[in-house]
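Following: one structure in structure tokens, then a few remarks.
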Amino acid sequence: MFTQTPYDGCALGVVPDAADLSAADMLAIARETALTETVFVVPPRLPGSTYGVRVMTPAGESPFGGHSAVGTASTLVRAGRLAAGEAVQECGGRQLTVIAGADGSTVSVAGEPLLEPEWDPAPLLSACGLTDADLAGTPHLTGFGPAFHVLPVGAKALARAAADLRDPVWADCPDAVLLAWDPANRTARVRVFAPGYGMPEDPACASAALGLGVWLGREKALPGTDGRHSYQVRQGEDLGRPATLSCTVDLIEGRAHAATVHGRVTATASGRMTPPRAGLSRQEPHAVRPVRPVRPCDEKGSPQVLFRPELHGARGAVASTHWLASTAGMSMLNRGGNAFDAATAAAFVIQVVEPHLNGPGGDVPILAHRSGSGSVDVVCGQGPMPAAATVEAFTGRGLAVVPGSGLLPAVVPGAVGAWLRLLKEYGTLPLEDVLEPAIGYAQDGYPVLPKCAAMIGALTELFRDTWTESGRTYLRGGLAPRAGERVTNPALARTYRRLVAEAKASGPGREGQIDAATEAFYGGFVAEAIDTYLAKAEEMDSTGRRNGGLLTGADLAAWRPHVERPLTLDHRSLTVHKAGPWSQGPVFLQQLALLADADLAAMGPHSAEYVHTVVEAAKLAFADREAWYGDPDHADVPVDALLDPAYTAARRALLGARASRELRPGRPGGREPLLPPLHDESVAPADPAWLGELEQGIPAIMKLTAATGDTCCVSVTDAAGNMVVATPSGGWLKSSPVVPGLGFPLGTRGQMATLAPGHPNTLAPGKRPRTTLSPTLVLRDGRPYLAFGTPGGDQQDQWTLSFFLHHTEHGMGPQAAIEARTFHTDHVPTSFAPRRFRPGTVVLEGGWAAAEVEALRGRGHQVDLVADYSLSKVCATGLTDNGLVLGAASPRGAQAYAVAG
């Protein structure tokens, strides 16, 4: 449980998993150490929550955050105790979010934790030889955390105060900060003193230098003019081991907004940590940590205690990646609408409330089953490349790949058209009713998700200075919103309202109105706004340069969504339906076919043998995806041969007892495979910081684990037997600038096409780039059984396969199958820029038995253990044997929700 190793910074002892420790536990452990500070790390139970870090001193609890937030996060990242990503700390009832880089050398801070102190500073002023007159004009009374005080004094005052700090007068002041500021050299010297133990014995206290130094240096000593300011924090000079860190801070409207620190604290820590005594209390909850329920499993590995109940109802069920979308969908069912009305309403709400993951400028594949039809339709909402999008249009700009952001990779936005076609041909309610919830949230506001707020925060400089229309849409007074803050998008509300107004102006007929709205989007005011903007705009993108776009209004006018037949595979008594090879859907079927002869049920869902078998099948199937998938309307994709039983049998023979580290596409029909280039050579270095975000074509911002969330999901089943599932994505806020007047950006799905000649996914005008979006719909004897999907980019068809096999092979109910621990492999290159891959890697959620993990390593797998319950976000609906509807949604991320009635 305990770790004691030299950390950069002060002598920190680390308790890496303090989820079950109370505050009293932590205090008891801290008192038994000889360390300056003991750090307790509370891992996130779900990917939507964040690491909690609490620091204790031998004399008592330290404040919940503030001075230690940045330094502790940085230290733990470098020590391998905290995954690069975000940590959140309470600070006097407010939250401070810390983002640490992969090696801990770069840390950024967002939040406003500054409070007024509630204690009397007079004794501290006296100890430092200061009077009120000495402090005139200095904003020294701003507190930090519960009871910090800042004194701008020199070295002699620091030394004098150090001798006095053991006096009982400091009992009500957890820490006193002494700050010496040299305006000529723009250098701050920071020391932290605490009652009961005086100053930290180690000179290079990372927590103070990184955390307190950043916050106090920027708030107390920098001029109040807007712009970027640079300064240094020096610490430990008086003890002969100084540390210097370079800092920058952005001031907006006179207020500090975001800070970044570069550098390392290199002093060696020392100290000892002893195990705590027995009998520690488990009664007082940690002020920051989420409560982790006990989750015993049965002999099959199925959770006996669920985070969420499996919902059953008589009217219908909606499951989606946002609770507001699920309730909007259910409201359509309550109005007498069907599953297709509900799904469309939920999808438009998701465009509003998850703008970091999708939008009206994005894409969607929709699988729909009409009651009694015995069949499934695919509504293709993947828009094609523009007519001007030739390989030469990119290589002529000196590009080896399609950029992951900006205007160049924009395709025709297909999501709106696909949803409107579904509503027209399958739904029953008028457009005005279905768009009402989305308009309401866009106009009146909704609580911004933590990940969305973090992404906006990371891109604030870009939005404020370069993508200014995005700044007007997502920033408030030049600042990013806080998690949970009520935000609006009036421009998007106006766009939706105008679609409704033009629909109603066309006449009273429901279908005619939806046609009119479609025309308004693809041939009317929306297409005109896009055409006008892209005709002149040149915007910064992931290349580090300004580039114009290729999309025109004519491209939108020439496209309408079409309906096509799905690909299918029979498994047990079920028929699984997926979209064609323009998606990655066939890879689910290929994996399932490869595993058909394996006795997965006998292996158990959490055994090394099971994981190895499924992962090795995934490697073969995804290798075929890399070599053979593309738009079948523009390329000869051998999809029938890929699903041929004889081909599958030959591929199955490659599965062995050892982990493969090769990328081995097959030769369907004797054809030679072609793999596209694996590395993005055209991306510029990530400086400034926001450019690093644009280089990531997928919204992988602030990842806590290996999970990525690039997509949303909507699944609906009604009592009549209608069933629909979709995975809307693209058009996210970091993809490209917001189009003026519309309230949404364009999608960048073009980044998934290759410029290499001769590949099925080679970029071409009017061609759909091969996408990762991949919902699944399952029938049993021609009747609806289960419809499901998940966010996750390239992992979608691994995580949903895991869910499906837990259900069909291990006998788990849908909710239990969703909550069972899952895994995936990063063996195959990602589809997003830059195209990274890690051969032989298996990623497991926490909680797997150590013996099984070692058994996987023994088979040659590189095993990465990530936070418990941090992979996938499956949403599912279906019909039960007794005619009831069911809904299930993943608790991971604390965001997806199912509703049934």
Side-chain angles (χ1 to χ4, degrees), residues 328-329 331-332 335-352 359-364 366 368 377 379-384 411-443 489-533 551-563 724 726 728 731 739-744 746-747:
S331 71
M332 297 298 114
R335 292 188 186 191
N338 63 18
F340 310 113
D341 299 311
T344 306
F348 277 102
V349 168
I350 280 181
Q351 290 178 1
V352 176
D363 333 285
V364 63
I366 307 172
D377 294 328
V379 182
C380 176
Q382 178 55 64
V411 299
V412 173
V416 170
W419 287 115
L420 292 180
R421 178 158 186 179
L422 181 81
L423 180 65
K424 173 190 172 184
E425 298 182 12
Y426 299 76
T428 62
L429 295 178
L431 178 64
E432 183 176 20
D433 289 359
V434 172
L435 281 182
E436 179 183 310
I439 293 172
Y441 288 123
Q443 184 64 45
N489 189 340
L492 182 56
R494 288 192 294 272
T495 296
Y496 288 152
R497 280 200 300 266
R498 186 167 174 183
L499 290 178
V500 171
E502 297 204 15
K504 293 173 68 176
S506 69
R510 193 186 79 91
E511 289 78 7
Q513 289 187 355
I514 297 173
D515 282 339
T518 302
E519 178 60 29
F521 193 95
Y522 291 95
F525 76 96
V526 174
E528 291 170 2
I530 293 172
D531 187 81
T532 299
Y533 170 53
L551 188 68
T552 68
D555 293 314
L556 273 73
W559 182 85
R560 292 296 184 272
H562 63 273
V563 176
V724 58
V739 180
L742 296 182
F744 64 85
L746 296 170

Quick one: does [X]'s side chain get under 4.5 Å of [Y]'s, heavy atoms only?
X	Y	answer
Ile366	Trp419	yes
Thr344	Leu431	no
Met332	Glu436	no
Val412	Leu551	yes
Glu502	Arg498	yes
Tyr496	Val352	yes
Leu746	Tyr533	no

Worked check of side-chain contact (heavy atoms from CB on, under 4.5 Å) between Leu492 and Leu742: CA-CA 6 Å; Leu492 182 56; Leu742 296 182; over 6 Å; no

At their closest point, which heavy atom of [X] faces which heavy atom of [Y], and how far apart are they?
X	Y	result
Trp559	Cys380	CZ2-O, 3.9 Å
Tyr522	Ala527	O-CB, 3.5 Å
Ala726	Val364	CB-CG2, 3.7 Å
Val349	Tyr441	CG1-CD1, 3.9 Å
Val379	Ala418	CG1-O, 3.7 Å
Ala415	Gly359	CB-O, 4.4 Å

Do Thr552 and Asp555 have side-chain N/O donor and acceptor atoms under 3.5 Å apart?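 Side chains of Thr552 and Asp555: pair found under 3.5 Å.
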
Just how far is it from atom [atom1] of [X] to atom [atom2] of [Y], taken to the nearest 0.5 Å?
X	Y	atom1	atom2	result
Tyr426	Asp377	OH	CG	3.5 Å
Thr495	Leu435	OG1	CG	11.5 Å
Gln382	His562	CD	NE2	10.5 Å

Assess the residue pair Ile439 and Phe348 against the criterion (side-chain contact (heavy atoms from CB on, under 4.5 Å)); give the C-alpha distance rounded to whole Å, side-chain angles, the decisive distance to 0.1 Å, and a yes or no. CA-CA 9 Å; Ile439 293 172; Phe348 277 102; over 6 Å; no

[X] side chain to [Y] main-chain N or O, any donor-acceptor pair under 3.5 Å?
X	Y	value
Thr532	Ala529	no
Asp341	Thr428	yes
Asp531	Leu556	no
Gln443	Asn489	no

Between Val526 and Phe744, does the side-chain contact (heavy atoms from CB on, under 4.5 Å) criterion hold? Intermediate values first, please. CA-CA 11 Å; Val526 174; Phe744 64 85; 4.2 Å; yes

Option among Arg560, Lys424, Arg421 that satisfies the salt bridge (charged side-chain N to carboxylate O under 4.0 Å, His left out) test with Asp515: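 Result: among Arg560, Lys424, Arg421, Lys424 is the only option passing the salt bridge (charged side-chain N to carboxylate O under 4.0 Å, His left out) with Asp515.
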
For side-chain contact (heavy atoms from CB on, under 4.5 Å), just list the numbers for Phe525 and Leu499, CA-CA rounded to whole Å, side-chain angles, deciding distance to a tenth of an Å, and then say yes or no. CA-CA 9 Å; Phe525 76 96; Leu499 290 178; 3.8 Å; yes

